Asker: 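Pasting a structure here, questions to come.
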Amino acid sequence: MGFGVKEINPKSQTVVGPRRNIDRGGRAEITPQALYEKCLALAKNLWWSWHPEVVNLFREIDPIKWRKVDHNPIVLLAEMTPEQLAERAAEMVLYTRINQAHRRLKEYLTNTRTTWGARETGVLGSSPVAYFSAEFGLHESVPIYSGGLGVLSGDHIKSASGLGVPLVAIGLFYDQGYFKQHLDIGGYQEEEYQDTRVENLPMDPAIGADGKQITISIDTRDGVLMAKVWLMYVGRVKLYLLDCDVAGNSPQDRDLTARLYGGDVRTRIRQELVLGVGGVKALSALGIMPGVYHLNEGHSAFAPLEVIRQRMADDGLTFDEALRDVAHRTVFTTHTPVPAGHDRFPANLVEEHLGPLRDKLGISQAQLMGLGRVEPQNEHEPFCMTVIGLKMSRRANAVSSLHGHVSRRMWAHLWPWRVEEEIPIGHITNGVHIPTWLAYPMHLLYDRVLRSDWQEWMGDAKVWQNLYNVDPGEIWETHSDLKNRLLDFVRRRVGRQTRRRNESDAVVEAARTVFDPNALTIGFARRFATYKRADLFFRVIDGLAELMSDPQRPVQLVFAGKAHPADEPGKQLIKKIETLRHDRRFAGRIVFIEDYDINVARHLVQGVDVWLNTPRRPKEASGTSGMKAVLNGGLNLSILDGWWAEAYNGKNGFAIGDGRQHVDDEITDARDAQNLLKVLREEVIPLYYDRDADGLPRQWIDMMVESIATLTPRFSAHRMVTDYVRQCYLVAAGGLSSDMTRE
Ligand SMILES: *Cc1c(COP(=O)(O)O)cnc(C)c1O
């Protein structure tokens with residue numbers, strides 16, 4: 001829903017030219033069945049999802065149904081016959097566009113010789129990078145993600161596809177995914193798990209040499225655990241997903257991969273066994289021999305053990321020789337300084353699950369446990385996935401400059417003989433996949449004002465200099481258009497939410513008019529984890545109420561986000577926010593949008609004036625949602641934490657506080673809340689409402705331009721992936737040396 005019908009038509013008309021004639025010709029040549037198959041081919045590669053002209057194509061086939069099927073083109077097509085599709089295509093004059101989109105996809109998949117990757121990643125050759133992640137956030141119709149880590153993995157592989165970096169991805173298939181969120185009439189979060197039907201996903205069985213779906217098995221002390229393998233196409237990248245719903249598994253094991261981050265610690269280690277060890281086995285079964293293993297977070301850190309086993313069996317190496325070789329090829333990324341984000345397992349669970357593999361490696365129980373401990377001999381220390389990740393990789397990185405400092409301090413005791421600056425954990429700051437998060441009207445504006453091939457050079461700061469010459473009115477108009485779409489979305493969603501809860505007619509009616517298109521609109525959407533401090537503003541709620549209800553300079557706030565099902569304080573916080581709508585001071589000015597997902601995120605980051613972020617420094621390793629707002633002209637208002645600590649230059653957004661933190665959280669929180677109020681009152685609101693004779697907030701627009709021009713090139717996933725290639729992958733594959741190498 002991010003891209004409207006209205007905006008694309010003028011553009012496609014110019015592209016298509018004399019459409020009617022071509023359409024008549026096109027239709028004569030193509031049967032309904034062939035047309036249907038072209039659409040299906042488009043639907044089966046997630047490439048469609050970051051090409052607005054293809055998204056619009058699917059929408060135009062049936063706009064109402066498109067919303068009903070949650071933007072899933074496979075379901076859309078399943079609900080029509082080829083003849084019905086052909087009829088719609090004729091009515092809507094879509095033949096040529098379908099042909100064109102299909103041709104573009106084919107070209108994209110075959111023209112790989114001219115990509116950046118073809119020039120720069122030669123040493124990888126036919127040994128691709130194997131990228132492991134527990135979740136992938138690719139599109140709202142593929143519910144195998146929960147939040148930031150998943151979206152980052154999704155953006156990583158989309159950029160790898162665009163750049164032509166040889167990479168295969170490995171994850172788990174969760175047939176119930178993460179929960180869908182509803183709030184009850186009191187504002188309390190309810191979780192609903194829905195079964196995803198495999199036939200509704202752009203996914204097919206991964207086929208082995210015998211022509212059958214590949215199934216791998218893993219020995220544990222408690223029997224064999226099996227998983228079958230699916231294949232999903234993400235542009236040029238193949239994503240393999242392991243799924244434990246296999247006939248030979250016990251009933252409990254068939255549900256092992258049903259839910260993301262569900263179940264107890266035993267479920268967790270079994271899922272991670274399947275992802276890491278199972279993932280490596282799946283690659284072997286597919287005949288893929290990776291040159292580099294990238295473990296995106298600790299969940300997959302058992303993988304190197306299986307690779308070591310293979311090296312020992314195939315090449316007759318000793319454990320230590322194989323470890324050295326495998327570590328050289330392994331890259332490890334750590335994503336959080338929050339202790340609960342690092343899985344730790346007791347010795348009995350490790351032995352139950354890795355015992356048989358340990359036997360083959362010829363190492364003792366104590367040796368294996370030692371690989372997951374900071375102090376290998378300490379029998380009281382559990383097995384930590386981050387520790388084994390760090391020990392099994394020669395290149396490790398954090399995800400922002402500040403997070404690099406924090407991680408080096410956090411893990412310094414692993415290298416007690418080194419000073420902190422020499423702890424071998426570097427950093428590569430996260431980035432976002434621009435085509436996925438950029439609104440189409442903004443895209444068209446960039447097409448007009450930047451060089452025509454800006455998408456290929458978007459990592460180059462020079463390309464963005466042209467923005468400084470753009471007519472401020474044009475930028476403001478585009479932004480206002482996007483903001484209006486957000487407001488439509490908010491009203492539609494709030495209306496649906498109130499109807500679903502059977503609220504009174506007056507409440508349902510009031511939902512139609514929430515929010516004012518002229519009011520400063522602030523978005524805040526993220527997981528309701530404690531360190532993200534969604535409650536910060538409650539500390540200054542009266543001051544905020546006063547600011548927000550100024551009739552001359554009103555402010556409105558849109559919230560979204562899920563609390564983990566086990567996080568009772570997080571749920572109470574959501575309830576507290578949701579209940580504010582009944583507070584007269586905030587009525588119509590605060591809304592909570594249920595079920596935060598990629599679709600909700602896209603609407604919010606594309607339409608808000610300001611994106612608010614209030615983590616307790618330095619707990620936010622990077623954060624990426626603020627980067628998505630940047631591309632679309634939103635301004636960040638954030639604590640100087642994560643990416644913002646290195647992005648903020650005094651002119652490209654707003655900082656809450658000065659980056660100092662107190663040892664006492666209570667004092668830090670109180671100060672940050674006061675600073676939030678202060679910056680809103682003294683900087684954000686005055687700047688937004690300072691209008692010239694044409695009604696334009698000139699200085700605000702200058703800040704938007706400064707934000708886009710200075711930040712977009714630096715915080716794109718293309719920049720991130722090229723950094724990984726140059727600093728990690730090429731070195732790991734034996735092509736280059738690097739500072740990050742631990743020699
Ligand atoms: C981008 C995104 C995130 C990550 O946001 P941060 O809070 O900045 O880490 C989480 N969830 C969804 C759905 C996203 O699109």
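Order of listing sets the numbers, starting from 1, for every ligand and every atom in it. Source: prediction; values computed, not measured.
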Asker: Looking at Y233, I want to see if its OH is surrounded by more than 12 non-hydrogen atoms of other residues, nucleotides or ligands under 6.0 Å.
Answerer: no
Asker: At a non-hydrogen distance cut-off of under 4.0 Å, which region of V151 contacts ligand 1 (side chain, backbone, both, or neither)?
Answerer: side chain
Asker: Tell me whether the rings of H443 and W454 are parallel (<30°), tilted (30 to 60°) or perpendicular (>60°).
Answerer: perpendicular
Asker: Quick one about H718 and S159 (side-chain donor to acceptor, distance below 3.5 Å, no hydrogens or angles considered), yes or no?
Answerer: yes
Asker: Atoms of ligand 1 less than 4.0 Å from W437 heavy atoms?
Answerer: 15 (O)
Asker: Only heavy atoms count here, so choose which of R527, R526, K532 is nearest to atom 9 (O) of ligand 1.
Answerer: K532
Asker: Using a strict 4.0 Å cut-off to heavy atoms of A601, name the atoms of ligand 1 that fall inside it.
Answerer: 15 (O)
Asker: As an exercise, identify every atom of ligand 1 less than 4.0 angstrom from a heavy atom of G147.
Answerer: 10 (C), 11 (N)
Asker: Can you give me the closest heavy-atom contact between Q556 and F515, atom names plus distance?
Answerer: OE1-CA, 3.3 Å
Asker: For atom 10 (C) of ligand 1, what's the nearest protein heavy-atom neighbour? Residue, atom name and distance, please.
Answerer: G148 N, 3.4 Å
Asker: For atom 6 (P) of ligand 1, what's the nearest protein heavy-atom neighbour? Residue, atom name and distance, please.
Answerer: S625 OG, 3.6 Å
Asker: Aromatic rings F528 and F592: how do their planes relate, parallel, tilted or perpendicular, breaks at 30° and 60°?
Answerer: tilted
Asker: Over 60° means perpendicular and under 30° means parallel, so tell me whether Y648 and W644 are parallel, tilted or perpendicular.
Answerer: tilted
Asker: Strictly by modelled atom types, are H139 and N72 linked by a side-chain donor-acceptor pair under 3.5 Å?
Answerer: no
Asker: Nearest to atom 11 (N) of ligand 1, what protein heavy atom do you find, and at what distance?
Answerer: Y596 CE2, 3.5 Å
Asker: Numbering the atoms of ligand 1 from 1, which are under 4.0 Å from a heavy atom of G623?
Answerer: 8 (O), 9 (O)
Asker: On a heavy-atom basis, I'd like to know which of D597, N430, D155, V600 is closest to atom 13 (C) of ligand 1.
Answerer: D597
Asker: Geometry only, no angles: is K628 polar-contacting ligand 1 at N/O separations under 3.5 Å?
Answerer: yes
Asker: Looking at Y178, does the NZ or CZ of K562 lie under 6.0 angstrom from its six-membered ring centre and within 45 degrees of the ring axis?
Answerer: no
